[in-house]
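Working notes, structure below.
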Amino acid sequence: MAEYDFKAIESKWQKAWDEQGLYRQEVDRQRPKYYALTMLPYPSGDLHIGHWYAMAPSDANARYHRMRGYNVLFPMGFDAFGLPAENAAIKRGIHPRTWTMKNIENMRRQLRSMGAMFDWRREVVTCVPEYYKWNQWFFLQMYKRGLAYKKMAPVDFCPKCNTTLAREQVVGPERLCERCDTPVVKKDLDQWFFRITAYADELLDFSKIDWPERVKTMQANWIGRSEGVEFDFQVRGTEHRFRVFTTRIDTIYGVSFAVLAPEHPLVDEVTAPENRSEVEAYQYKASRQSEIDRLSTERERDGVFTGAYAIHPLTGKDIPIYVADYVLMSYGTGAIMGVPAHDERDYDFARRMGLPIPAVVAPPDWDGQSSFGLPYVEPGVSINSGEFSNLPTEEAKKRIGNAVIEKANGKWTVHYRLRDWLISRQRYWGTPIPIVYCERCGIVPVPEEDLPVILPDDAEFLPTGESPLKFHEKFLHTTCPRCGGPAERETDTMDTFVDSSWYHYRYLSPHRDDVPFDPEEAAYWLPVDQYTGGVEHAVMHLLYTRFFTKVMRDLGLVNFDEPMIRLYNQGIILAEDGARMSKSRGNVVSPDDLVERYGADAVRTYLMFMAPWDQGGPWSSRGIGGAVRFLDRVWRLVAGKPEGAGDKRSAPLEAAGLHRLTHRTIQKVTEDFDHFRFNTAIASLMEFTNELYRLVGTPVYGSPAWEEAVDDLLLMLAPIAPHITEELWHQRGHTTSIHLAAWPVPDVSALADDTVTIVVQINGKVRDRFEAPVNVTADELARLALALPKVQAVLDGRAPRKVVAVPGHIVNVVVG
RNA sequence: GCGGGCGUGGCGGAAUGGCAGACGCGCUGGACUUAGGAUCCAGUGGGGAAACCCGUGGGAGUUCAAAUCUCCCCGCCCGCACCA
């Protein structure tokens, strides 16, 4: 018997599969389709073990579905635009294209070494004109429909990346850049946006997708829908009004102050002369605040009085107007009504400023006299609210809301935290935004027939913090497509999240230059059945791609609402020391080395065995030895005659017993594959292998039951370890690929044994067990259990207080 | 603070309310070997000579029976964080 030479086997079969075109994926209307998609990598240069953890189990799932009779599409590509390439260019003088393409070449090689069933003919590289042309085309379609627009706005800017960012790309209360962790700053800039807010309500509807609760919750929180009332406050003694938004209009009788955000335009207008210097000092302090680190979460809620008063719309009372930075100009109307008794923040502020705190909502079971804790923010019953007193909160909202609407120019409105998607990037290595600025015609979109607007190669990369396109005369200066006069091109490029919002459509026909994707292919393959990837994309990529699909639907390109039906988030592989892997820590595990040392099949097997897929965990350089040994045992079991093997503690199985075990294993492994429980699937296959070892040298060895068992073992292992199983499959005389074979189906009639072990408990503790025929009734089981010597000894002549018998499982005798 | 997840041997992890610790790593002893970081056999939660007792973060509860269900507490991880 030859040794298990994984190197020879893996390279042999990778080459053979390639030559046979085994993984070519074509439309076949005779078979049901299954579009399996895993997030495409950024070509950083090296495939990380984390990429393997994302892709190898995805590949096993794709292979499993293929064996189950589905026509599977499982493509791969590269998310190739982005900053690292440009930074490499600035630092080392390599052109971003050269750097990126070289990295892609290396990563393609690394990906091939995994032995995945990617159809490389469908590969997508997002930085080539044949791809980004369609980014530009989508931009133009959106522009036509008012979904892409330009506006001057205070936007987030990362000083290290030298570019603006979308709101989603600013992380945490510290407001750090998602890429580089640098604190972002606000800048007023004229920028391009996609009107994702137009789809806010639809994006909140998750009824058509089977996604993890966590992701849906994160998206829902991000969208942040809240319903309430907007109305005007009149400023006493002036014509000025300011508008506020509240979700608790039922508490309006509890207003004891109003607050304007420091940036609110009315602050200057209403501030009394004697308060001016204090207010301006506060505004200055607040404007610095965003630049100073805002680390202290428990900041005091402070503010200053403007000297002006608003008129309460229902009571007509004077309401002092304050300026305070806990009110944000960027949310709602930038002004609020202060109800300290029923809002935590207003409460803190009122306490600090010495303002009254009148209660206008009481707990539902309030007795009318005793005090209750303030602030009271739960629903309850309105009190001290004039004609609206004694109403439950919901009812009070409706009645008071309508009254305010009438008296104070109000309306019911919905506010969202979701902002429009800022797509302008002041960087070179991205898709040029297809817009020109004409002196006469203003903003003019590039005509579709002129696409793509090519990103020029001969740009100069200088660490100036400005886009090289700004200084590229030939790119910059152009003629207006409308009037033919002199014009300048837009020099901003698109956010790379635009690329990844629709790449899974481009896989269908990556080289078509007349349409973004082939409608015939689309009709068959779409939508994606199973998407897998990291949860870090929950509110960026995964929100953007849903938005894109809804736009594409409205453009008539597709006839469904959601891009991916099911989503699964794999866990994260940590370094051996339990920390995150990073080059600086020097704890990175290199898949190339592992493949060299143990083979791709062993790496795949171990990654799927080490933990539940959604959990991840620390890599173990020892643990992989277990996977290596397992494959080696399978090899010796099938390829040769293993000697003297097997646990001798009990009698080995008869043929019928082996047949039963085979089919029980098939049933268990099939169930596990259906739920991505690769770790327990592999454990079952290990147990099965161990049992087969025990049968070596017995009459069952070589019998039909044995041959069936070995074939089924290989079939079930094939999606996990595709090379070794293919080799052994052929050694066993099969002439076609194991990956074209059908997944074994459990023979239900073979699953049941004649007898079953019944556990006997006394007072809930296991004391004995016995074999009983499977169909014995509960009464009979109880009788059999009571007759056992151990049970008799404990009972010692007494009658049991109770006997619980569960057929097929257990008998519990309760005594004493 | 709010929302979600998780706490099981020395380690990774298994367990439709029904035998806790499957499977693997590691470890101990043995066989075979010139050799073993190969392979095979036996053992391996803790205590105890044994019968048996104790054990799934801690405490209470429901149940004939709880890692699993309920409540309270502790710890860790992730997300959001002045969103009116």
Side-chain angles (χ1 to χ4, degrees), chain A residues 3 171-174 212-218 220-222 224-226 228-230 244-249 251 259 261 294 297-299 301 324-328 330-339 342-346 348-349 415-418 535-536 538-539 572 605-606 609-612 614-615 617-627 629-630 632-633 636 642-649 677 679-690 693 757-769 800-806 808-815:
Chain A
E3 299 238 317
V171 181
E174 290 95 50
E213 276 314 309
R214 182 163 55 143
V215 173
K216 291 191 284 187
T217 306
M218 281 164 76
N221 289 344
W222 189 259
R225 184 181 204 275
S226 65
V229 175
E230 251 182 50
V244 299
F245 173 68
T246 179
T247 55
R248 290 300 303 274
I249 194 67
T251 64
V259 183
R294 295 176 48 178
T297 347
E298 289 302 306
R299 285 169 54 231
R301 286 198 180 93
D325 69 356
Y326 81 91
V327 173
L328 309 175
S330 55
Y331 184 82
T333 58
I336 60 152
M337 62 180 207
V339 186
H342 307 290
D343 182 282
E344 305 259 5
R345 297 149 301 173
D346 295 346
D348 286 354
F349 185 75
H415 280 265
Y416 300 92
R417 290 174 57 197
L418 180 70
V535 74
E536 66 274 15
V539 288
I572 297 169
T605 303
Y606 180 61
F609 178 67
M610 58 179 275
D614 59 359
Q615 191 181 305
W619 173 261
S620 165
S621 53
R622 277 214 166 118
I624 191 173
R629 271 194 283 278
F630 168 56
D632 206 41
R633 272 166 72 74
R636 279 180 279 120
E643 300 161 30
D647 180 338
K648 308 289 194 296
R649 283 166 294 182
R677 292 189 296 243
N679 59 329
T680 48
I682 293 169
S684 295
L685 293 176
M686 285 174 167
E687 283 181 80
F688 189 41
T689 304
N690 292 343
Y693 261 85
T757 305
I758 302 296
V759 170
V760 181
Q761 296 183 332
I762 295 169
N763 289 340
K765 283 183 181 148
V766 181
R767 282 295 119 97
D768 205 355
R769 61 200 62 197
R801 201 170 68 197
K802 186 170 185 180
V803 180
V804 182
V806 182
H809 281 289
I810 207 163
V811 178
N812 190 10
V813 181
V814 188
V815 294

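So you know, we letter chains A, B, ... as the sequences are listed, proteins then strands, and number each from 1.
- Whole-Å rounding puts the A/K765 NZ to B/rC53 C1' distance at 8 Å.
- A donor-acceptor contact shorter than 3.5 Å is absent between the side chain of A/D343 and the backbone of A/G338.
- Comparing B/rA22 with B/rA31, their P atoms are spaced 27 Å from each other, to the whole Å.
- Of all nucleotides present, only B/rG47 satisfies the Watson-Crick or G-U wobble test against B/rC52, with each distance under 3.5 Å.
- Note: A/Y331 and A/F245 have perpendicular aromatic rings, judged against thresholds of 30 and 60 degrees for the angle between ring planes.
- Not one N or O on the side chain of A/N812 forms a donor-acceptor pair closer than 3.5 Å with the backbone of A/V804.
- To the nearest angstrom, C1' of B/rA65 lies 15 Å from CD1 of A/I758.
- At whole-Å resolution of the value, CZ in A/R767 and C1' in B/rA65 are 14 Å apart.
- A donor-acceptor pair shorter than 3.5 Å cannot be found between the side chains of A/R417 and A/N221.
- Straight-line distance from the CG atom of A/D632 to the C1' atom of B/rC40: 13 Å, rounded to whole Å.
- Rounded to whole Å, the separation between the P atoms of B/rU68 and B/rG61 comes to 15 Å.
- Below 30°, between 30° and 60°, or above 60°: for A/Y326 and A/F349 the angle between ring planes is between 30° and 60°, a tilted geometry.
- Across the C1' atoms, B/rG13 and B/rU56 are found 13 Å apart, a figure rounded to whole Å.
- Rounded to whole Å, the P atom of B/rA66 lies 28 Å from the corresponding atom of B/rG75.
- Within a 6.0 Å sphere centred on CZ of A/R225, other residues, nucleotides and ligands contribute more than 12 heavy atoms.
- Taking atom C1' in both B/rC27 and B/rG9, one finds a spacing of 13 Å when rounded to whole Å.
- The partner of B/rU39, taking Watson-Crick or G-U wobble pairs whose two distances both stay under 3.5 Å, is B/rA31.
- The closest side-chain heavy-atom distance from A/T251 to A/M337 is below 4.5 Å.
- B/rC80 is paired with B/rG1 under the criterion used here, namely a Watson-Crick or G-U wobble arrangement in which both key atom distances are under 3.5 Å.
- Note on A/P618: nothing from the nucleic acid sits closer than 4.0 angstrom, heavy atoms only.
- Rounded to a whole angstrom, the distance from the P atom of B/rC71 to that of B/rC78 is 26 Å.
- Residue A/N221 contributes atom CG, which lies 10 Å from atom P of B/rC80 at whole-angstrom precision.
- The pairing partner recorded for B/rG7 is B/rC74, the criterion being a Watson-Crick or G-U wobble arrangement whose two distances lie under 3.5 angstrom.
- Residue-to-nucleotide proximity on RNA chain B shows that, of A/T217 and A/S330, the 5′-proximal contact is made by A/T217.
- At whole-Å resolution of the value, CZ in A/R417 and P in B/rG79 are 15 Å apart.
- In this structure, the NZ atom of A/K216 is 15 Å from the C1' atom of B/rG3, given to the nearest Å.
- B/rG7 and B/rG58 have their P atoms separated by 13 Å, with the value rounded to a whole Å.
- When both pairing distances are held under 3.5 Å, B/rC69 makes a Watson-Crick or G-U pair with B/rG61.
- With C1' as the reference atom, B/rG5 and B/rC53 are 36 Å apart, rounded to whole Å.
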TODO: Indicate for each nucleotide in nucleotides 18-31 of chain B, in 5' to 3' sequence, whether protein heavy atoms under 4.0 Å reach the base (B), only the sugar-phosphate (S), or nothing (-).
DONE: BBS-BBSSS-----

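- Between the CD atom of A/E230 and the OG1 atom of A/T333 there is a distance of 6.0 Å, given to the nearest 0.5 Å.
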- [ ] Kindly determine whether A/N763 and A/V814 satisfy side-chain contact (heavy atoms from CB on, under 4.5 Å), including the steps that lead there.
- [x] CA-CA 5 Å; A/N763 289 340; A/V814 188; 3.7 Å; yes

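- Toward the 5' end of RNA chain B, the nearer of the two residues A/W222 and A/V327, judged by each one's closest nucleotide, is A/W222.
- One can place CD1 of A/I249 at 11 Å from C1' of B/rA84, the figure rounded to the nearest angstrom.
- Look at B/rG9: its glycosidic torsion is within 90° of 0, and that puts it in the syn range.
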